Amino acid sequence: MKGIRLHTRGGPEALVYEEAPQPHPQAGEVLVCVHATAVTPTELLWGPTWKTRTGEDRPFPIILGHEFSGVIAALGAGVTEWAEGDPVYGLNDWFVDGAQAEYCVAPAAPLAPKPRSLDHVQAAVVPISALTAWQALFERASLRAGQRVLIHGAAGSVGSFAVQLARWRGAHVIGTASAPHLDFVRMLGADEVIDYRATRFEESVRDMDVVFDTVGGETLQRSWSVLKAGGTLVTIATQSEGTQDPAVRDAFFIVEANRSQLAEIARLIDDGQLRVFFQEAFPLAQARQAYERAQGGGSRGKVVLRVVS
Ligand SMILES: NC(=O)c1ccc[n+]([C@@H]2O[C@H](COP(=O)([O-])OP(=O)(O)OC[C@H]3O[C@@H](n4cnc5c(N)ncnc54)[C@H](OP(=O)(O)O)[C@@H]3O)[C@@H](O)[C@H]2O)c1
């Protein structure tokens with residue numbers, strides 16, 4: 001199969017489009033014919049990209065991209081819930097090869113049927129960002145109707161799902177973004193927006209039930225002061241991974257694959273209650289350009305690699 005592989009640790013310049021062995025599904029896994037996979041540039045900084053579960057260096061070559069939309073191509077032993085040809089979307093394991101290739105292997109259980117109303121390119125941007133927003137708001141923070149939530153990075157890939165999901169849950173939503181994205185965040189359903197470059201958010205909000213931080217660093221540190229007593233702060237920012245600060249360690253989590261949540265997200269998308277944004281699609285062979293585009297920032301939604309035209 002064709003794939004994008006890393007033979008050394010590096011940035012987009014290290015990505016090589018080349019022939020790679022097709023993986024085989026083991027028991028409980030499926031082989032997915034990848035139609036599209038979204039680019040997460042910060043994956044180049046994540047621990048599991050370079051380390052095994054037990055902390056050793058992962059052997060090269062490495063294939064990135066752990067979210068995808070595609071079609072089941074083969075079933076591993078014991079898999080009965082899927083059939084060849086089923087359209088699915090989801091995540092595979094961070095510690096194994098990803099989906100920037102014509103085929104990838106994924107555990108069968110957490111995959112879900114692709115949203116019917118989206119094509120594969122649109123569907124590929126959903127799994128990581130929407131699941132992260134869902135798990136942050138509803139699992140970690142137990143957000144309820146009527147509560148006040150501050151979402152940092154509200155125009156970003158995760159933030160744009162978080163604003164919509166918090167609003168759907170009936171919360172009062174305040175989002176931070178830069179000036180060019182404020183109308184976008186309002187359109188997603190935020191009740192209030194703050195231009196983070198013009199205003200220090202802690203001067204205009206306080207007593208929040210929940211703060212969801214997708215930015216990290218100083219934004220995270222300044223967020224503790226706007227929580228009400230007993231409020232919950234959740235952070236996903238990559239720079240918080242491996243922190244020594246116990247409060248930040250407790251607030252940080254990494255998204256996990258989950259079929260029932262992906263299925264509920266697909267239902268909301270198909271019902272028109274959750275909108276999906278993607279920036280631009282590139283052919284698989286142009287992965288370097290796709291990463292460079294994604295690292296440029298400043299736009300709405302993820303960059304996608306289109307594997308099947
Ligand atoms: N732990 C996990 O499971 C997990 C899962 C997914 C993502 N992540 C991490 O979460 C972070 C966000 O991911 P993403 O995919 O949503 O990124 P993204 O699409 O690049 O969005 C980031 C957003 O942050 C905004 N921003 C930058 N500085 C800000 C500030 N000081 N205040 C408020 N907003 C600010 C940017 O807005 P403007 O363009 O308007 O400046 C941009 O819209 C990354 O570090 C990613 O690695 C972690």
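Just follow the structure's listing: the first ligand is 1, and inside any ligand the first atom is 1. None of the values given here were measured: they were computed from a predicted structure.
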Per atom 13 (O) of ligand 1, closest listed option by heavy atom (V158, L44, V185, T132): V158

Under 4.0 Å to a heavy atom of V255 - the qualifying atoms of ligand 1, by number: 2 (C), 3 (O)

Partner set under side chain to side chain donor-acceptor pair (under 3.5 Å) for E102, not counting sequence neighbours: none

Any protein heavy atom nearer than 4.0 Å to atom 36 (C) of ligand 1: no

Element-labelled atoms of ligand 1 that are located less than 4.0 Å from some non-hydrogen atom of W46: 47 (O)

Identity and distance of the protein heavy atom lying nearest atom 38 (P) of ligand 1: S178 OG, 3.4 Å

Mode of L45 contact toward ligand 1 - side chain, backbone, both, neither (heavy atoms, under 4.0 Å): neither

Atom indices of ligand 1 within 4.0 angstrom of T42 heavy atoms, with elements: 46 (C), 47 (O)

Near-ring test F201/H152, centroid separation under 6.0 angstrom: yes

Closest heavy-atom pair and its distance - P25, L75: CG-C, 4.2 Å

Under 3.5 Å donor-acceptor, E43 side chain and V39 backbone: no

I128 neighbourhood, listing ligand 1 atoms whose heavy-atom distance to it stays under 4.0 Å: 6 (C)

Taking atom 29 (C) of ligand 1 as the reference point, the nearest protein heavy atom with its distance: Y196 CZ, 3.3 Å

Linked, directly or transitively: L188 and V215 (ILVMFWY side chains, under 4.5 Å): no

Shortest protein contact, atom 48 (C) of ligand 1 (heavy atom only): I236 O, 3.0 Å

Within-shell test, R197 vs ligand 1, heavy atom, strictly < 4.0 Å: yes

Top protein contact for atom 18 (P) of ligand 1, by heavy-atom distance: S157 N, 3.9 Å

Nearest candidate to atom 47 (O) of ligand 1, where distance is taken over non-hydrogen atoms, out of T214, T219, T238, D195: T238

Close approach of F253 to ligand 1, heavy atoms, under 4.0 angstrom: yes

Sub-4.0 Å protein heavy atom next to atom 21 (O) of ligand 1: yes

F282 six-ring face occupied by R293 cation (under 6.0 Å, within 45°): no

T42 side chain to L45 backbone, donor-acceptor under 3.5 Å: no

Nearest neighbour in protein (non-hydrogen) for atom 39 (O) of ligand 1: H181 CE1, 3.3 Å

Within-shell test, S129 vs ligand 1, heavy atom, strictly < 4.0 Å: no

Contacts of E139 that satisfy side chain to side chain donor-acceptor pair (under 3.5 Å) - sequence neighbours left out: Q261

D191/R186 salt bridge by N-O under 4.0 Å criterion: no

Side chain to side chain contact (heavy atoms under 4.5 Å, CB included), paired with F161, selected from I151, L268, V276, L137: V276

The one among P180, P41, G153 that brings a heavy atom closest to atom 24 (O) of ligand 1: G153

E18 and K2 ion-paired at < 4.0 Å: no

Pick from A133, A162, G156: the one approaching atom 43 (O) of ligand 1 most closely through a non-hydrogen atom: G156

